[in-house]
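Because only heavy atoms are used, hydrogens play no part in the values below, and waters and symmetry mates are left out as well, while side chains stay in. Residue numbers start from 1 in every chain, and the chains themselves are labelled A, B, ... in the order their sequence lines are given, proteins ahead of strands.
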Amino acid sequence: MKIVTWNVNSLKVRLPHVLDWLNIHQPDALCLQELKLEDQNFPRAEIEAAGYRAVFSGQKTYNGVAILSREPAQDVSMGIPGYADEQKRVLAATLDGVRIVCVYVPNGQSVDSDKYQYKLQWLEALTAWLKDELTRHPKLALLGDYNIAPEDRDVHDPKTWEGQVLCSAPEREAFRKLLQIGLHDSFRLFPQADGAFTWWDYRMNAFRRKLGLRIDHILLSDALAPDCTSCSVDIEPRKLERPSDHAPVTAEISHAKESY
DNA sequence: ATGGCGCCGAACCGGCGA
């Protein structure tokens, strides 16, 4: 089972990249963030023509998440239960016995912003919900744009970023709390080259200069992590014309449906 | 690296992202 997360920064603009990527890589599930479109404008026909189903939760201009899959998604749920939020940031579905949770964590803007407080509260609500969700779905994968670089090695220049949003201690603590409920950072299950990032600023030639952060992650539950065989970032789409500023992250899981 | 890019909607700019 091949599962992927990709913040596309406008599905309308990035649709050709997404369709090409699906055609080349044929994942079982592709979680998308920052659709930036309303449900009525979701490009369902194009995605179905590529051989994929889609469930989605969109809104105008901002946010929006989707799960594309070869097989129909089961038990689809939107948002964090019990946490009122106008912003469309969470979508969950079961595929092949695995609970797939697609998240677009708030950016936070800056550590002295109200948006930063919202981010921390949101992460707390997410963690509480997932702890509960894990009791119902031991095989769970949490994929998305976390807007957190968990450690200094996930940052091109830790000194510059120290204490800044995406790298601050409370955000990193929130990330650790997610791990503590029984999740594992699939990327760190394997040896990785230095300077492996998933996001590069559009400005200042950041991508060419390899000035990035690793903020998109695939966390796997205790029951799923032992079956993970790889996790990697594909930087090829970042080289295209009009790219997303994020790259897709892929995890492969060798699990037997029959054993579930 | 931090003005510097790119997306959006309603306009030719401001809000937001990271």
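The P atoms of B/dG3 and B/dG9 are separated by 27 Å, rounded to the nearest whole Å. If you take atom P in B/dC7 and the same atom in B/dA1, they sit 24 Å apart, rounded to whole Å. Nucleotides B/dG4 and B/dG15 place their P atoms 14 Å apart, quoted to the nearest Å. Remark: the separation of the P atoms in B/dC16 and B/dA10 is 15 Å, to the nearest Å. Distance check on atom C1': B/dC12 versus B/dT2 gives 25 Å, rounded to whole Å.
Clustering of Ile, Leu, Val, Met, Phe, Trp and Tyr by side-chain heavy atoms under 4.5 Å joins A/L189 with A/F190. Here A/Y62 sits alone; no ILVMFWY side chain lies under 4.5 Å from its own, so it joins no hydrophobic cluster.
When heavy atoms are screened at a 4.0 angstrom cut-off, A/F197 is found touching no nucleic acid atom at all. Among the atoms of the strands shown, only primed sugar atoms or phosphate atoms (P, OP1, OP2) are found under 4.0 Å from some heavy atom of A/D157. Here A/N107 lies in heavy-atom contact (under 4.0 Å) with a base. Residue A/N7 is in sugar-phosphate contact alone, with no base atom involved, counting any heavy-atom pair closer than 4.0 Å across all strands shown.
For the pair A/I148 CD1 and B/dA18 P, the interatomic distance rounds to 12 Å; values are reported in whole Å. Residue A/I215 contributes atom CD1, which lies 12 Å from atom P of B/dG17 at whole-angstrom precision. Note: CG (A/D145) to P (B/dC16) measures 17 Å, nearest angstrom.
Position along DNA chain B of the nearest nucleotide to A/L211 versus A/K115 favours A/L211 as the more 5'-ward residue.
Not counting sequence neighbours, A/Y116 has no partner by the ring-ring contact (aromatic ring centres under 6.0 Å, His included) test. For A/F175, the ring-ring contact (aromatic ring centres under 6.0 Å, His included) criterion is met by A/Y146, A/H217, not counting sequence neighbours. The side chain to side chain contact (heavy atoms under 4.5 Å, CB included) test applied to A/D245 returns A/N9, A/W199, A/Y202, A/R238, not counting sequence neighbours.
A/D201 has a carboxylate O that lies under 4.0 Å from a charged side-chain N of A/R203, or vice versa, which qualifies the two as a salt bridge.
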### Task
Mark up nucleotides 2-12 of chain B, 5' to 3', with B wherever a protein heavy atom is under 4.0 angstrom from a base atom, S wherever such an atom reaches only the sugar-phosphate, and - elsewhere.
B-BBSSSSS--
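A/E34 and A/S10 share no side-chain donor-acceptor pair at under 3.5 Å.
A donor-acceptor contact under 3.5 Å is not formed by the side chain of A/D245 with the base of B/dA18.
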